[in-house]
Amino acid sequence: MSKLDNYLEQWEEKIRETVGKEKILLATSGGVDSSVCAALLSKAVPGQLVCVFVDHGFMRQDEGDEIEAIFSNKPVEFIRVNAEERFLAKLVGITDPEAKRKIIGEEFIHVFEDEAKKLGKIPFLAQGTIYPDIVESGGEHGAVVKSHHNVGGLPDVLDFTGIVEPLSGLYKPEVRELGRLLGLPPSLVDRQPFPGPGLAIRVMGEITKSKLEVLRKADSIVRQELDQLTDKPHQYFAVLTDTYSVGVKGDVRTYDPVVAVRAVNTADFMVCDYTPLPHQVLRRISERITEEVNGASRVVYDITSKPPGTIEWE
Ligand code: XMP
């Protein structure tokens, strides 16, 4: 029996013991971690899992709908909360990255709490926290690098009998492997990590609906182009900077934000190298973004590794 088979068996046992016949609530983001967590829980205690998907409005192009579609085929109670307006209202005038993360984390708790109250008493809470989340939030060693919004918070605010974090001993590659073991499709298991605060930390400076729209279009082009590579980087996306530059579209002068493209190779997302993308690919991305996206003036490529850079820009 492999190490992961053992891990799975032990956690299934532990969950059954902890939860008994009660219901268990999971905040799902549609990412790898919370999806694997959902699959594990529905295997351990079938029919007892309630998934709440707080859609903060910072998802990528069509992502919210895709997540809803994936979960509509699963034997779990799935609730989507469209909370974009609530989040945007809290973020008016906010430009500091840590402030954004904190506000989003707190609002996430409030929305989740409101939803949990509507559901009546659910004694247990599950979280898809993985080992690096705990480390990077200063939970075990060292200082806070960034506040990961799936760590802490919920247990303090909501009155749960118990918290279950079945992925807390695993690194990302092991979480994916566990997902495969649980029969999840490659499209979900091999999905790139996506931060809890979503595109809000990929729009530099103040977040607005129109900036989010520009970023969604640019990001979708980056992903379409890089998805076609046989040797794909491990994580890739676009960032909307708050640096404006002059351009020309047709005969018209433009003055719009610069889009940055980020693509990295990494074993564990704790350190990374920037990916030396072929110039033809970069050229195609640049041409498409400047032609197809209104509100983006030019495209730059981020050649920073981690450390000293982080993968996300905020
Ligand atoms: P950084 O930017 O710290 O990112 O080098 C390392 C990896 O973590 C992802 N990331 C997050 N994931 N909540 C998450 O669940 C977050 O708040 C968060 N911030 C960054 C990032 O995309 C990268 O894969």
Side-chain angles (χ1 to χ4, degrees), residues 26-38 53-56 58-60 63 67 87 91 96-109 112 126-154 165 167-168 170-176 179 188-204 207 215 219 222-223 226 232-239 241 260-275 302-314:
L26 171 70
T28 180
S29 63
V32 180
D33 303 344
S34 58
S35 300
V36 172
C37 190
F53 166 40
V54 174
D55 186 348
H56 46 31
F58 309 134
M59 305 304 286
R60 290 164 290 191
E63 199 173 22
I67 292 163
F87 280 88
L91 289 163
D96 177 72
E98 273 301 290
K100 280 186 189 175
R101 282 176 171 270
K102 288 253 151 63
I103 290 168
I104 294 167
E106 277 164 23
E107 194 54 21
F108 179 88
I109 293 165
F112 188 76
Q127 297 198 119
T129 317
I130 70 170
Y131 185 66
D133 295 339
I134 297 171
V135 175
E136 295 220 340
S137 293
E140 240 185 47
H141 330 273
V144 174
V145 177
K146 290 173 182 176
S147 313
H148 280 221
H149 92 1
N150 48 353
V151 176
L154 291 177
E165 293 185 312
L167 310 182
S168 55
L170 303 178
Y171 282 99
K172 204 78 180 190
E174 296 169 315
V175 175
R176 294 188 205 276
L188 200 108
V189 170
D190 296 326
R191 195 190 186 103
Q192 294 177 23
F194 186 62
L199 299 184
I201 56 158
R202 293 181 181 170
V203 168
M204 306 297 95
I207 300 149
L215 178 57
D219 180 68
V222 171
R223 290 187 297 123
L226 298 190
K232 293 184 199 37
H234 294 126
Q235 190 173 1
Y236 41 94
F237 53 87
V239 171
T241 75
V261 177
R262 183 84 165 129
V264 298
N265 282 68
T266 174
D268 57 7
F269 297 87
M270 307 286 276
V271 294
C272 81
D273 275 333
Y274 80 86
T275 310
D302 181 356
I303 53 167
T304 319
S305 294
K306 173 186 177 179
T310 51
I311 294 175
E312 302 293 341
W313 275 39
E314 286 192 339

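Keep in mind that what you see is a predicted model, and the values were worked out from it rather than measured. Remember, it's 1-based here, ligands and their atoms both numbered in the order they're listed.
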- Item | Point-to-point distance, once rounded to the nearest 0.5 Å, from CE of Met204 to CD1 of Ile207 | 9.0 Å
- Query: Can you check whether Lys306 has an N/O within less than 3.5 Å of an N/O in ligand 1?
  - Reply: yes
- So CG of Asn265 and CG of Asp273: to nearest 0.5 Å the spacing works out to 7.0 Å
- Query: With a 4.0 Å cut-off on heavy atoms, does Gln192 reach ligand 1?
  - Reply: no
- Query: Below 3.5 angstrom, do we get any N/O pair linking Pro193 and ligand 1?
  - Reply: no
- Would one find an N or O of Arg101, backbone or side chain, under 3.5 Å from an N or O of ligand 1? yes
- Message: To the nearest 0.5 Å, what is the distance between CD on Gln235 and CZ on Phe269?
- Response: 5.5 Å
- Measure the OG1-CG distance between Thr129 and Leu167 for me, rounded to the nearest 0.5 Å. 8.0 Å
- Any ion pair linking Arg101 and Glu312 (charged N to carboxylate O, less than 4.0 Å)? no
- Note on the structure: Heavy-atom proximity to atom 13 (N) of ligand 1, picking from Gly105, Gly196, Cys272, Ser29, points to Gly196
- Message: Could you tell me, atom by atom, which parts of ligand 1 come under 4.0 Å of a heavy atom of Pro197?
- Response: 16 (C), 17 (O)
- Between the CZ atom in Arg262 and the CD1 atom in Ile303, the distance rounded to the nearest 0.5 Å is 10.5 Å
- Message: Counting only heavy atoms closer than 4.0 Å, does ligand 1 sit against the backbone of Met270, its side chain, both, or neither?
- Response: neither
- Note on the structure: So the atoms of ligand 1 within less than 4.0 Å of a heavy atom of Thr310 turn out to be 1 (P), 2 (O), 5 (O)
